[in-house]
Structure formats: structure tokens, C-alpha cells
Amino acid sequence: MPDAKMAEQVSKTPGFIAALDQSGGSTPKALAHYGIGPDAYSNDADMFRLMHEMRVRIISSPAFQSHEVLAAILFEKTMDGTVDGTPVPSYLWKTCGIVPFLKIDKGLEDEKDGVQLMKPIPGLDELLERAAKLGIYGTKERSVIRLANPAAIKSLVQQQFDIAAQVASHGLVPILEPEVLVKSPEKAEAEALLEDAVLSGLEALPGDYPIMLKVTLPEKPDLYARVMKHPRMQRVVALSGGYPLDEACQKLKANHGMIASFSRALVDDLRVSQSDQAFNETLSKVVDKIYDASVHKN
């Protein structure tokens with residue numbers, strides 16, 4: 001069973017979820033934007049070490065350790081890392097009061113029929129068991145929608161629910177993330193099909209475990225209002241999807257009850273060259289802005 005105090009915070013407390021889960025192919029780009037080029041590391045171990053140092057700098061910042069950040073989504077290597085000798089999940093919850101989630105997908109299949117399904121996730125049961133022992137509350141799994149193909153979107157959502165059932169069997173709360181690309185030529189139509197498929201999936205959901213949903217900020221405000229009201233839905237959160245921070249926050253304000261789970265928009269202005277004071281001040285301004293958008297009219 002999910003931790004009751006964590007569940008209360010995730011489902012009811014004002015605030016937002018920080019997505020610190022860049023992994024694999026996205027790590028070099030994230031490091032480069034932070035100011036660390038490929039010449040600073042010679043192998044994957046060095047690259048992930050530098051990425052972990054960046055994440056620890058964020059996690060240990062006073063700006064991050066506030067009531068405004070409800071939860072954080074971690075990459076597997078971050079979950080396995082430490083802050084001042086303490087495992088990251090324990091540090092987040094016991095020191096910062098922030099609920100830890102884990103990204104579990106291993107990337108995407110090639111596009112077919114306008115969508116990209118998740119690749120197989122080998123060793124998922126073992127990973128989920130380890131995550132639960134480390135104090136992880138829930139997981140996140142991402143797939144991608146580019147075109148408004150009804151059958152393909154239905155299949156993609158079914159894959160999300162199938163993985164969610166496996167996650168829930170380990171006492172963890174799954175976040176489904178069927179991302180509609182911001183640059184989709186059929187974004188509004190795809191989002192309408194996605195909302196319908198998610199509702200159908202919720203109605204057919206076995207058991208009594210809770211579900212969360214992470215979606216692209218929709219073209220139609222309050223599109224996911226019915227999803228939010230479903231008794232199995234713990235919370236609906238929004239990804240920034242490449243929108244600049246100000247635009248993402250403005251769109252978020254138009255969706256009542258939805259909170260942020262931003263990644264790129266959260267760290268966009270952070271640089272390795274900043275002094276600790278400048279780094280913390282920059283992060284504080286961003287955290288405040290995302291928090292304000294998340295609680296606006298909620």
C-alpha cells in the first residue's frame with residue numbers, strides 16, 4: 001500500500017511536481033544547456049556523475065526544499081545515488097518533505113501509425129521491488145502521440161494501463177504519461193481522443209489502486225476535467241513539453257485543478273557557472289512562478 005502521508009500530500013496539497021528524470025539520450029543535451037559540454041566527460045559514467053551533481057545541487061538548494069515542491073520524479077541512477085551520504089529518496093522525503101517518484105520507461109519504439117509506444121522494460125519487477133524498498137512512492141512512464149489516430153491512441157493508452165497494473169502490484173502509484181507532442185499538426189484532435197481513451201481505461205480499471213496522469217498542456221482549457229473527477233484518479237499533472245516557462249505557466253492557469261510537473265521549464269535558466277547564491281535565487285524565482293501557476297484557481 002502507498003504511504004498514507006505521501007498520498008495525502010500528492011493528492012491534496014497545493015504545489016507542483018519537479019521532473020528531474022532526464023536520462024540516456026537526453027542527458028548530454030541537458031548537461032550542455034547547463035553549461036557542461038561533451039569535452040568535460042569521456043564516458044557514460046562520467047556523464048551520469050556530472051548529471052547527478054547537477055541534480056544534487058537542485059535538490060539541496062533552499063529554493064527546492066520548500067512547501068512549493070510536492071514531489072520529484074527521479075531517473076534510476078538518481079534514485080540509486082546519495083545526498084550527503086543519504087539515499088536520494090530518503091533525503092527527499094525525510095529531509096525535504098518531498099515525495100519521490102521514479103521514471104521507469106526505457107525509451108520509445110519507432111513511430112508507427114502516428115504514435116510511439118514504450119520499448120519493453122526488462123527487469124521491471126526487480127526495479128519496482130528495489131524502488132519500493134528505497135521509499136519510492138510511485139513511478140512515471142512516457143509514450144508519445146503525434147497524430148490523431150484513434151486505434152493507435154487506444155493501443156498506446158492500453159499499454160500505459162497494462163504497465164500501471166504491474167506498478168500497482170508492488171504497492172506503488174503509477175503516473176501515466178501519454179505525451180501529445182506540442183508540435184503535433186493534429187494536437188487538439190489527438191488530445192480529444194486521448195481524453196476519451198483515458199476515461200474508458202479508467203472505467204475498465206480492475207482493483208482499487210489509484211492512478212495519476214501526466215499530459216501535455218491541452219489546446220482546449222479544462223479538457224481533462226472529467227478525468228480529474230474520476231474516483232481512481234489521484235491527480236492530473238502537466239508537462240511543459242517544450243513551451244517556454246512563461247507560456248507554460250499561462251497555459252497551466254487555464255486548466256483548473258491541474259498542477260505542473262515541469263522538467264525543461266524548471267531548469268532552463270540554471271547554469272553550472274552560477275555562484276550558489278545566483279543559482280539559488282534563479283531557482284527560487286522559477287519555483288515561485290511554477291507554484292503560482294499550479295495553485296491559480298485550483
Side-chain angles (χ1 to χ4, degrees), residues 1-13 15-21 23 55 59 69-83 86-107 118-143 156-178 198-199 201-215 227-237 239 259 261:
M1 289 292 291
D3 182 279
K5 289 184 178 179
M6 290 185 182
E8 177 76 10
Q9 179 159 310
V10 167
S11 60
K12 297 182 179 179
T13 305
F16 71 93
I17 298 174
L20 304 176
D21 58 337
S23 62
R55 288 171 176 142
I59 291 168
V69 182
L70 301 177
I73 304 172
L74 308 174
F75 174 47
E76 183 180 348
K77 289 185 181 296
T78 307
M79 177 188 75
D80 291 333
T82 62
V83 181
T86 301
V88 172
S90 295
Y91 180 86
L92 281 171
W93 180 239
K94 295 179 181 179
T95 302
C96 311
I98 294 171
V99 178
F101 284 81
L102 173 68
K103 165 189 159 69
I104 59 170
D105 64 86
K106 301 299 183 183
M118 288 178 280
K119 290 180 177 178
I121 310 175
L124 179 56
D125 284 314
E126 291 80 5
L127 175 61
L128 295 171
E129 183 177 349
R130 184 157 55 85
K133 289 179 179 178
L134 285 168
I136 292 290
Y137 173 76
T139 66
K140 190 208 76 167
E141 56 198 56
R142 174 179 176 262
S143 47
L156 178 144
V157 170
Q158 185 59 55
Q159 184 193 40
Q160 287 275 345
F161 276 107
D162 290 344
I163 297 295
Q166 191 172 352
V167 170
S169 72
H170 290 266
L172 302 171
V173 176
I175 302 177
L176 285 62
E177 187 185 13
V198 169
L199 278 173
L202 286 169
E203 288 301 317
L205 201 60
D208 60 356
Y209 54 87
I211 290 280
M212 294 176 64
L213 178 68
K214 181 170 178 174
V215 289
V227 173
M228 290 181 195
K229 294 176 182 177
H230 195 280
R232 299 291 291 276
M233 183 58 59
Q234 194 166 81
R235 206 147 197 180
V236 176
V237 304
L239 58 97
I259 66 171
S261 177

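Positions are given from 1 along the sequence.
Here M118 contributes atom CE and R142 contributes atom CZ; the two are 11.0 Å apart, rounded to the nearest 0.5 Å. Interatomic distance, CG of L74 versus CE of M79, reported as 8.5 Å (0.5 Å rounding). Separation of atoms OH (Y209) and NE2 (H170) is listed at 12.5 Å; rounding is to 0.5 Å. To the nearest 0.5 angstrom, K103 atom NZ is 11.5 Å from T78 atom OG1. I163 contributes atom CD1, which lies 4.5 Å from atom CD1 of I121 (distance to the nearest 0.5 angstrom). Atom CZ in R235 sits 11.5 Å away from atom CD1 in I175 (nearest 0.5 Å).
Taking both residues in full, the closest heavy atoms of A19 and K214 are given as CB-NZ, 3.7 Å, listed atom of the first, atom of the second, then distance. Smallest separation of non-hydrogen atoms from I98 and V69: CG1-O, 3.5 Å. The shortest heavy-atom contact between A72 and L92 is CB-CD1, 4.2 Å. Looking at every heavy atom in both residues, V237 comes nearest to M212 through CG1-CE, 4.4 Å. Taking all atoms of both residues into account, the shortest heavy-atom contact from A164 to L176 is CB-CD1, 3.9 Å. Of all non-hydrogen atoms in P174 and P210, the two that sit nearest each other are CD-O, 3.5 Å.
In this structure, the side-chain hydrogen bond (donor to acceptor under 3.5 Å, both in side chains) partners of E203, at least two apart in sequence or on a different chain, are H230. In this view, S169 satisfies the side-chain contact (heavy atoms from CB on, under 4.5 Å) rule with no residue, not counting sequence neighbours. Here E177 pairs with K140 under the salt bridge (charged side-chain N to carboxylate O under 4.0 Å, His left out) rule; sequence neighbours left out. Remark: T139 engages no residue in a side-chain hydrogen bond (donor to acceptor under 3.5 Å, both in side chains) (not counting sequence neighbours). With sequence neighbours excluded, the residues forming a side-chain contact (heavy atoms from CB on, under 4.5 Å) with T86 are S90, Y91, listed by chain and number. With sequence neighbours excluded, the residues that form a side-chain hydrogen bond (donor to acceptor under 3.5 Å, both in side chains) with Q166 are D125. Residues that satisfy the ring-ring contact (aromatic ring centres under 6.0 Å, His included) test with F16, not counting sequence neighbours, are absent from this structure. For K77, the side-chain contact (heavy atoms from CB on, under 4.5 Å) partners two or more places apart in sequence, or in a different chain, are F48, F75. Partners of K5 according to the side-chain contact (heavy atoms from CB on, under 4.5 Å) rule, which considers only residues two or more places apart in sequence or in another chain, are D3, W93. Residues forming a side-chain hydrogen bond (donor to acceptor under 3.5 Å, both in side chains) with Q160 (at least two apart in sequence, or on another chain): S143.
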For residues 130-137, tabulate all N or O donor-acceptor pairs below 3.5 Å that involve a side-chain atom, not counting sequence neighbours.
| unit_1 | atom_1 | unit_2 | atom_2 | d |
| --- | --- | --- | --- | --- |
| R130 | NH1 | D80 | OD1 | 2.5 |
| R130 | NH1 | D80 | OD2 | 3.0 |
| R130 | NH2 | E76 | OE2 | 2.7 |
| Y137 | OH | Q234 | OE1 | 2.8 |
| Y137 | OH | Q234 | NE2 | 3.1 |

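Within the 4.5 Å cutoff, side-chain heavy atoms of V88 are placed close to those of I59. Considering only heavy atoms from C-beta on, L172 comes within 4.5 Å of L128 through its side chain.
Partner of S261 under the side-chain contact (heavy atoms from CB on, under 4.5 Å) criterion, chosen from L70, L239, D21, I73: I73.
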